[in-house]
Amino acid sequence: MDEPTECSARMADLANLFNLVAPFFGLIVLGFAVGRYKQLPEEGLAWMQFFLIYVALPCLFYRLIADKPLSDLTNWGFVGVTTTATFLAFVLSFALGYRYTRGNMPQAVMQGVAGSYSNIGYMGPPLILAALGPVASAPVVLIFVFDNLLLFSLIPFLMAVAGVEKRSLAATAGDVAWKVATHPFNLATVAGVLAAFTKLELPTAIDKMTLWLSQAAAPCALFLLGVTVALRPMKRMPGELPALVFIKLVLHPLLVWVLLSALGNFSDAWIYAAVIMAALPPALNIFVISTQYRVGVERASACILVGTIVSTVTLTGFLWLVKTGRMPADLFH
């Protein structure tokens with residue numbers, strides 16, 4: 001390839017990447033600008049959050065898996081590797097937080113979440129499907145379900161051990177099991193699996209409604225993320241924050257890449273989907289969890305803000321490596 005042709009190809013790659021990423025971060029910036037300069041009550045966000053969690057996102061997850069073969073939804077090797085990578089990122093972040101907070105275990109738990117919990121609900125599905133196509137929907141759903149199972153089991157257990165939960169471990173375990181079983185995302189996933197097994201086809205009217213609702217999930221979620229970050233400005237930079245952001249945005253996706261390459265025989269699309277899921281910025285739910293336990297609220301806000309800003313570079317970088325083929329799907333072959 002001569003130099004002008006190679007230069008044109010690179011420019012085309014950059015233009016395609018910009019067109020892929022810009023709408024996602026653009027919606028976050030739009031939400032941030034509106035939240036920052038339009039003084040509206042924060043309580044107004046409650047209905048949008050309810051709409052996303054109980055209506056739009058469940059429809060999205062249902063549609064992602066309802067037409068998938070069951071063999072894609074029972075890839076336990078993939079589940080084991082990706083969940084292990086998330087657990088390792090949690091352990092590293094927890095250890096870092098424990099050191100910086102001088103043994104404050106509840107704070108360390110929140111730092112563990114900040115360094116391992118990606119924005120896999122709001123940003124993950126639309127971005128990865130836009131980047132990789134429908135073939136990536138099954139790994140996206142599996143990572144979403146099992147990362148949530150891992151973290152929403154670890155958090156209440158460790159908080160109970162630390163004394164934040166004023167209940168017995170048995171009561172905490174029962175509460176965790178009930179919340180996991182009744183979470184709208186997990187119910188939608190179960191419904192999708194049943195639809196895949198029975199080859200269910202929804203009536204035309206209901207099918208169109210779920211399609212519209214699933215299409216509303218991404219723009220509403222990204223706009224909400226921007227508004228929420230704007231309403232909780234960072235007052236100071238916690239000392240451990242740069243290291244946490246590095247673990248979340250760089251080390252976590254690299255761990256996923258290495259472990260999937262070393263421990264299994266997975267398709268390129270599945271590996272790339274897992275890497276991008278791990279490279280997503282910290283989840284907005286980190287703030288919700290910290291508020292629930294009244295632990296590390298300011299740190300959570302700072303992590304979401306800084307992580308989202310830094311991810312405009314790191315996430316774009318991983319997408320560029322994937323889209324241009326500069327990151328081989330299987331590191332060892």
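- When all heavy atoms of Gln107 and Val295 are compared, the closest pair comes out as N-CG1, 3.7 Å.
- Here Thr82 contributes atom OG1 and Phe87 contributes atom CZ; the two are 14.0 Å apart, rounded to the nearest 0.5 Å.
- At distances below 3.5 Å, not a single donor-acceptor pair connects side-chain atoms of Asp207 with backbone N or O atoms of Pro203.
- For the residue pair Ser118 and Lys248, a side-chain donor N or O sits within less than 3.5 Å of a side-chain acceptor on the partner.
- Salt-bridge annotation for Lys199 and Asp67: absent, with no side-chain N of the basic residue lying under 4.0 Å from a carboxylate O of the acidic one.
- Taking CD1 of Ile128 as the reference point, atom CG of Leu280 lies at 5.5 Å (rounded to 0.5 Å).
- Follow the hydrophobic side-chain contacts under 4.5 Å out from Leu17 and you reach Met277 in the same cluster.
- Side-chain contact between Phe24 and Val21: absent, with no pair of heavy atoms (C-beta onward) separated by less than 4.5 Å.
- A 4.5 Å side-chain heavy-atom check between Val34 and Phe223 finds at least one atom pair inside the cut-off.
- Summarising the geometry of Pro281 relative to Leu315, their closest heavy-atom pair is CD-CD2, 4.4 Å, with the distance given to 0.1 Å.
- Scanning all heavy atoms of the two residues, the minimum distance from Ile247 to Ala89 falls at CG2-O, 4.0 Å.
- For the side-chain contact (heavy atoms from CB on, under 4.5 Å) test with Thr314, the passing option among Val250, Val245, Leu319 is Val250; the others fail.
- Between the side chain of Thr312 and the backbone N or O of Ile309, at least one donor-acceptor pair lies under 3.5 Å.
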Self-check item: Full working for side chain to side chain contact (heavy atoms under 4.5 Å, CB included) between Val141 and Phe144
Solution: CA-CA 5 Å; Val141 169; Phe144 175 84; 5.6 Å; no
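- Side-chain contact between Phe51 and Leu213 is present, with heavy atoms from C-beta onward closer than 4.5 Å.
- Side-chain heavy atoms closer than 4.5 Å link hydrophobic residues (I, L, V, M, F, W, Y) into clusters, and following such links, even through other members, never connects Phe246 to Val313.
- Between Trp212 and Cys59, every side-chain heavy-atom pair lies at or beyond the 4.5 Å cut-off.
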Quiz item: Checking side chain to side chain contact (heavy atoms under 4.5 Å, CB included) for the pair Phe318/Leu254: CA distance, chi angles, key distance, verdict?
Solution: CA-CA 10 Å; Phe318 276 107; Leu254 291 178; 4.1 Å; yes
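- Between the side chain of Thr83 and the backbone N or O of Gly80 there is no donor-acceptor pair closer than 3.5 Å.
- Taking the side chain as every heavy atom from C-beta outward, Phe32 and Leu225 never approach each other to under 4.5 Å.
- Nearest heavy atoms, Phe61 versus Pro125: CZ-CG, 4.0 Å.
- We find the CD-OG1 distance between Glu240 and Thr101 to be 7.5 Å, quoted to the nearest 0.5 Å.
- At a threshold of 4.5 Å between side-chain heavy atoms, the hydrophobic network of Ile, Leu, Val, Met, Phe, Trp and Tyr places Tyr98 and Met159 in one connected group.
- Leu129 is not connected to Tyr62 by any chain of hydrophobic side-chain contacts under 4.5 Å among Ile, Leu, Val, Met, Phe, Trp and Tyr, and they are in different clusters.
- Note that CG of Leu255 and OG of Ser116 are 11.5 Å apart. Values are rounded to the nearest 0.5 Å.
- Cys303 is listed as a side-chain neighbour of Leu241, based on a closest heavy-atom distance under 4.5 Å.
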Self-check item: Chi angles and distances behind the side chain to side chain contact (heavy atoms under 4.5 Å, CB included) call for Arg326, Trp320
Solution: CA-CA 8 Å; Arg326 286 169 171 80; Trp320 179 77; 3.2 Å; yes
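- By the criterion of side-chain heavy atoms lying less than 4.5 angstrom apart, applied directly or through intervening Ile, Leu, Val, Met, Phe, Trp or Tyr residues, Leu142 is grouped together with Leu263 in one hydrophobic cluster.
- When every heavy atom of Ala136 is checked against every heavy atom of Ala273, the shortest pair comes out as CB-CB, 4.0 Å.
- For Tyr272 (side chain) and Ala329 (main-chain N/O), a donor-acceptor pair under 3.5 Å exists by modelled atom type.
- Nearest heavy-atom pair across Ala217 and Leu57 is CB-CD2, 3.7 Å.
- To the nearest 0.5 Å, atoms CZ (Phe90) and CD (Gln111) are separated by 10.5 Å.
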Quiz item: Can you list the steps and then say if Asp268 with Trp270 is a side chain to side chain contact (heavy atoms under 4.5 Å, CB included)?
Solution: CA-CA 5 Å; Asp268 292 1; Trp270 282 55; over 6 Å; no
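- You'll find the side chain of Thr86 reaches within 4.5 Å of the side chain of Leu150, heavy atoms only.
- Classification of the Phe50-Trp47 ring pair by plane angle, with boundaries at 30° and 60°, yields perpendicular.
- Of the inter-residue distances, the one linking Leu20 atom CG with Thr316 atom OG1 reads 8.5 Å to the nearest 0.5 angstrom.
- Looking at heavy atoms from C-beta onward, Ile53 lies in side-chain contact with Pro184 at the 4.5 angstrom threshold.
- Using modelled atom types and a 3.5 Å distance limit, the side chains of Tyr117 and Asn148 yield a donor-acceptor pair.
- Residue-environment remark: CG (Asn265) stays at or below the threshold of 12 foreign heavy atoms within 6.0 Å.
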